[in-house]
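Contents: one structure, followed by commentary.
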Amino acid sequence: MPGTPKAEFLQSVREALGRENVPPIEAYPRLAETPSELEQQVAQMRQHIEDNLPALLDKLAKMAALGGWRVHRASRPEDVIEYIETLARDSGTANVVRSNQDVFNQIPLDATLTNLGLTVTTVLRDETTTRESLREEIRQSGIGITGADYALAETGSVIVLPRKGLARLISVVPPVHIALVRAEDLLETLDDLFLLRRLEYHQQGGEMGSYLNFITGPSRTADIEMTIVEGVHGPKEVHMIILG
Amino acid sequence: MPEIKTQDFTAASTAAILDPKLRRALDRVAEGFHVARLDRIEEVTQDVWDGWKDQAREIKVHTIENLDYYLELLDKNVTAAGGQLHFAKDADEANEIVAHIVRTRNIKIVTKSKSMVSEELGLNPVLEALGVEVWETDLGEYIIQLAEETPSHLVAPALHKSKEDVAALFTEKLGIPYDEDIYHMAATARTILRDKFMEADLGISGANFVVAETGTLVIITNEGNGRLCTSAPRVHIGITGMEKVIPSMQDLSAFLRLLPRSATGQRITSYVSMTTGPRRSDDEDGPEEFHLILVDNGRSKMLADPALREALYCIRCGACLNICPVYSRIGGHAYGWVYPGPIGAVVSPMLVGLPKAKELPQASSLCGACREVCPVNIDIPKMLLDLRKKTAESPDSSLRSAPEIERVLARLYAKLMSSPKLLKMGVKFGRFAQKLERMTPVFSPLTTDGKWIRNAHIPILSRWTKSRDLPTLPKQTFHELWEKELSPDDS
Amino acid sequence: MTANAKITADLFITCVVDQLYPDVGVSVVRVLRRLGVTVGFPTDQTCCGQPVYNTGYSQQARTLAKRVLEQFKDSEYVVVPSGSCAATIRVFYLEIFDDDTELLAEAKALAAKTYEFSEFLVNVLKVDDAADCGAGHEGTVTYHPSCHLLRELGVKSEPQKLLQSVPGLEQKELEGAEICCGFGGTFSVKFPHISEGMVTDKVANIQASGADTLVSCDMSCLMNIGGALNRQESAIKVRHLAQILDPESE
Ligand code: SF4
């Protein structure tokens, strides 16, 4: 493989800095934290969220709307299903693709959508479905429905992590994306999220998972004359349904 | 590396400034981004904003001061996550690494999401020479790729193109009917690129940040092309400058707050995509291979120079361009290389070599607006001044930015101003020169109307009077007035 | 006003005011005296060195800076009717002498007692009403905050505060006020096309403001803007803040 060997490259960096091959003189506080310290911080963070849940859900709804989500709040699973039914009917699509996350056990919507005459594809690989056939199904779908690993009140973002049964393409490829958010998915700030991920990283023996994706509003561009166009490569229409 | 045209700054900027279309485009961007940025700061309050800035700067200072350490940590963690980290000392090496991957992995189609570093490396021509199809997928980048141009702004690469330009370009290159509806044009790009995303075997992205602690690459986009480039093809290569590393994932908070607000005035972009290694066995999609290429390509020169080191803190938000009264008149191409605007006037000379770009640091009124908006508090005017020092008096004539006469004048000026007596004589001489006109109008170096010099026929001053008048020297200096009427000794 | 009777301030008048705008210097003296300040003027002074420093000639700048250190070493206060030259003394001298402990100490001492004119009035003399200096001005005025005053010294509200309290004066808002006028020292003759573009926009905004007078705290910016206004045969006058505050100024 071409390129400069690591040792040589790092040596040239050290020479530029006039530095010896030693750790930073002042250790970086964050990197020095132990998992149990992180655990404590996470516990505090969780407590704070629990204590302020209604206000934080309101904040999530507000920031999500500012970020371009069409926000719908629901108090019962039936409301969620009913709302999705309307969206599906209005969209005129024949195919819906959804992830295979936990949230769909709580909100069973397949029957309703099938009754509307829609084909519902669930991301579930088995002998007959390959990654390639799945990708094609996603491309044919007018709506992609996913859960959220987390939802961030600070930014109005939905966070998705790799889970079995969740393809990233579901939230990017179809023109409409619906994200289902439950109260227990809520985090307040970016710091909360990264703190939590760091703890999990350590708990899982240094495994971060292959991706961590933020979604905040529709895909958009302003590359021609600063005119905002929604739905460039990703969805034009994004719905966040908050249950709780 | 792409063609270096920094030597032509004066000619290029002179032409650009006369282009009313460019000016309108620049105004649109500057206004749009700038106003939104101010709104976002007001929303969170200046104090909170300043706190974020300080945090971000502190992180950058610490990381850059210990860069070797964090690169090593990054390498360890990229590897642990199943990826490969490559180091490239210059553009050729970086391009060669990509070429090697392309050849050995039998790559035919490449999709790219926006990467300034790949522009800096001149990667596309290298890939094309290998017979690979290369598709820029960010709409702005796609436009300039079709037009065979270079970006003119760090975040809005095609800002210099009007919708009519783009429509004509699409007609010419894509063979579609002329249609200047912006929504239709975006849809055209979407349709063409959608297939490419799915067909591509290699996705190339830049990186806004890379996290040493976890080996994670972070890209921030609005269109969703970055996510598609990094998850659909079977190989993903991230290419970025070695300065983009940050220690911990938690350090991202400050940057995710600052970057979108500073760049486009958004609270956050539509997509933040963080990838760590290739897909795991359980993942439903994602690349089989992940490579990260970190390039030096002249950055260690900035690192080695304490006066310029802070240029490496830059997060390429473009705020300094949007606010700059020089950039907003001449646009990005006049700067003659990949990085335009105030930060470009520091970075380009360091990356292409000061002798070729020595004019850039001169082209600033040092008004300080760039420093005021910079989310990592980079003191750009100070670095421009430092580069001026390096070019003004260098013993190496290839570095000197001005003709010999300027050095002579600088010395003369210091002499004159070091001696009140000489200065007095100088002023007398000046008054005499002003009167010459009345005596010998034909040979007079100045055309005056008593109060104003309307036209100077001598070097330097003539450059001033081309567009402005200059006051004539009054009958008395303040020194003379003080001695005559103001000094307490007189009263 | 007697409160200031014990204050002695030495003027660093700047080369631009000395040679091109002596009237501004006269107004500065009158205003300070009206406020009870004992005004001094070390007559050996010339230029702070900024033109050479900004062009990259640090040796020459150092020569001139040393003279200033010498001439003002015993001053109680140094008042400078220019944001830019005050910034040179307060900010850039510390860079110029950062390799010399002794001179750096002197530069720091000088920096600590050096004030731009408006700053000195508001923050040292505690003037909160321009009427204290007998100011009165019939007319409409707009204010251009010069870049170095604003961004190197952080002086933003002081000139505004003084202007607001001038009896009879009506302030007009200036669009794009904080955008550089395009002077920038030698920049204006090295890149006259860019400088011209900048001053043209500044002039357009000034004309749109509806003011009959443009006020600033830097004569070099006013020389640039005034020169462009005159070229366009505009009737708008340019004045240093001191001239507005000085009732005897024409
Ligand atoms: S120098 Fe500062 S303002 Fe300019 S692009 Fe870099 S981070 Fe942004």
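We use all heavy atoms of the structure for the numbers below, so side chains are in, but hydrogens, waters and symmetry mates are not. Below, chain A is the first sequence line, B the second, and so on; all start at residue 1. Quantities reported herein were computed from a predicted structural model and do not represent experimental measurements.
For C:Cys181, no part lies under 4.5 angstrom from a heavy atom of chain B. For B:Trp464, the parts lying near chain C are the backbone and the side chain together; criterion is any non-hydrogen pair under 4.5 Å. When heavy atoms are compared at a cutoff of 4.5 Å, C:Ile179 approaches chain B solely by way of its side chain, counted from C-beta outward. Only the side chain of C:Val29 comes within contact range of chain B, judged by heavy atoms closer than 4.5 Å.
Per-residue counts of heavy-atom pairs under 4.5 Å with chain C were compared for B:Lys389, B:Lys382, B:Glu393, B:Lys466; the largest is that of B:Lys389. Across B:Ser364, B:Pro471, B:Ser418, the residue that shares the most heavy-atom pairs under 4.5 angstrom with chain C is B:Ser418. Between chain C and the options B:Ser419, B:Ala414, B:Ala16, B:Ala363, the largest number of non-hydrogen pairs under 4.5 Å is found for B:Ala363. Among B:Leu18, B:Leu470, B:Ile17, the residue making the largest number of heavy-atom pairs under 4.5 Å with chain C is B:Ile17. Per-residue counts of heavy-atom pairs under 4.5 Å with chain B were compared for C:Gly182, C:Ser146, C:Ser195; the largest is that of C:Ser195. The most heavy-atom pairs under 4.5 Å with chain C, out of B:Ser462, B:Gly368, B:Cys324, come from B:Gly368. Most heavy-atom pairs under 4.5 Å with chain C: of the set B:Glu406, B:Arg411, B:Gln476, this distinction falls to B:Glu406. Ranked by non-hydrogen atom pairs under 4.5 Å with chain B, the options C:Pro22, C:Pro192, C:Gly184 are led by C:Pro22.
Contact check for C:Phe191 versus B:Glu359: side-chain heavy atoms found under the 4.5 Å cut-off. Between B:Pro488 and C:Arg33 there is a side-chain heavy-atom pair separated by less than 4.5 Å. Side-chain atoms of C:Ile194 and B:Ser13, non-hydrogen and from C-beta on, do get closer than 4.5 Å to each other. In this structure the side chain of B:Pro381 never reaches within 4.5 angstrom of the side chain of C:Arg151, judged on heavy atoms.
Residues of residues 48-77 of chain C that come closer than 4.5 Å to chain B, counting heavy atoms only, are C:Pro51, C:Val52, C:Tyr53, C:Asn54, C:Thr55, C:Gly56, C:Tyr57, C:Ser58, C:Gln60, C:Thr63, C:Leu64, C:Arg67, ordered by residue number. Listed by sequence position, B:Arg23 are the residues of residues 19-26 of chain B in contact with chain C, using a 4.5 angstrom heavy-atom cutoff. Taking 4.5 Å as the heavy-atom cut-off, the residues of residues 222-235 of chain C that approach chain B are C:Met223, C:Asn224, C:Gly226, C:Gly227, C:Ala228, C:Asn230, C:Arg231, C:Glu233, ordered by number. Residues of residues 325-335 of chain B that come within less than 4.5 angstrom of chain C, heavy atom to heavy atom, are B:Pro325, B:Val326, B:Arg329, B:Ile330 in numerical order.
Using a distance-only test at 3.5 Å, with no hydrogens or angles considered, a donor-acceptor pair links the side chain of C:Asp18 to the main chain of B:His479.
B:Leu481 CG to C:Asp23 CG: the interatomic distance, rounded to the nearest 0.5 Å, is 7.0 Å. Taking CZ from B:Arg463 and NE2 from C:His193, the interatomic distance works out to 9.0 Å, rounded to the nearest 0.5 Å. For the atom pair OG1 (B:Thr477) and OH (C:Tyr21), the distance works out to 15.5 Å, reported to the nearest 0.5 Å. Residue B:Glu480 holds its CD atom at 12.5 Å from OG1 of C:Thr43, rounded to the nearest 0.5 Å. In this structure, SG in B:Cys367 is found 10.5 Å from CD in C:Glu178, a value given to the nearest 0.5 Å. Annotation: the span from B:Thr10 atom OG1 to C:Lys190 atom NZ amounts to 10.0 Å, rounded to 0.5 Å.
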Inset, instruction - Before giving the answer on side-chain contact (heavy atoms from CB on, under 4.5 Å), spell out for C:Gln45 and B:Phe478 the whole-Å C-alpha distance, their side-chain angles and the decisive distance to 0.1 Å. - result: CA-CA 11 Å; C:Gln45 62 177 280; B:Phe478 181 80; over 6 Å; no
Inset, instruction - Could you walk me through whether B:Leu423 and C:Gln19 pass the side-chain contact (heavy atoms from CB on, under 4.5 Å) test, one step at a time? - result: CA-CA 10 Å; B:Leu423 177 60; C:Gln19 286 137 51; 3.6 Å; yes
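The environment of B:Glu404 atom CD is dense: over 12 non-hydrogen atoms of other residues, nucleotides or ligands sit within 6.0 angstrom. C:Glu248 CD: more than 12 foreign heavy atoms inside a 6.0 Å radius.
Of the charged side-chain nitrogens involved, at least one lies within less than 4.0 Å of a carboxylate oxygen, so that B:Arg371 and C:Glu152 count as a salt-bridged pair.
The aromatic rings of C:Phe41 and B:Trp482 are tilted relative to each other, their planes meeting at an angle between 30° and 60°.
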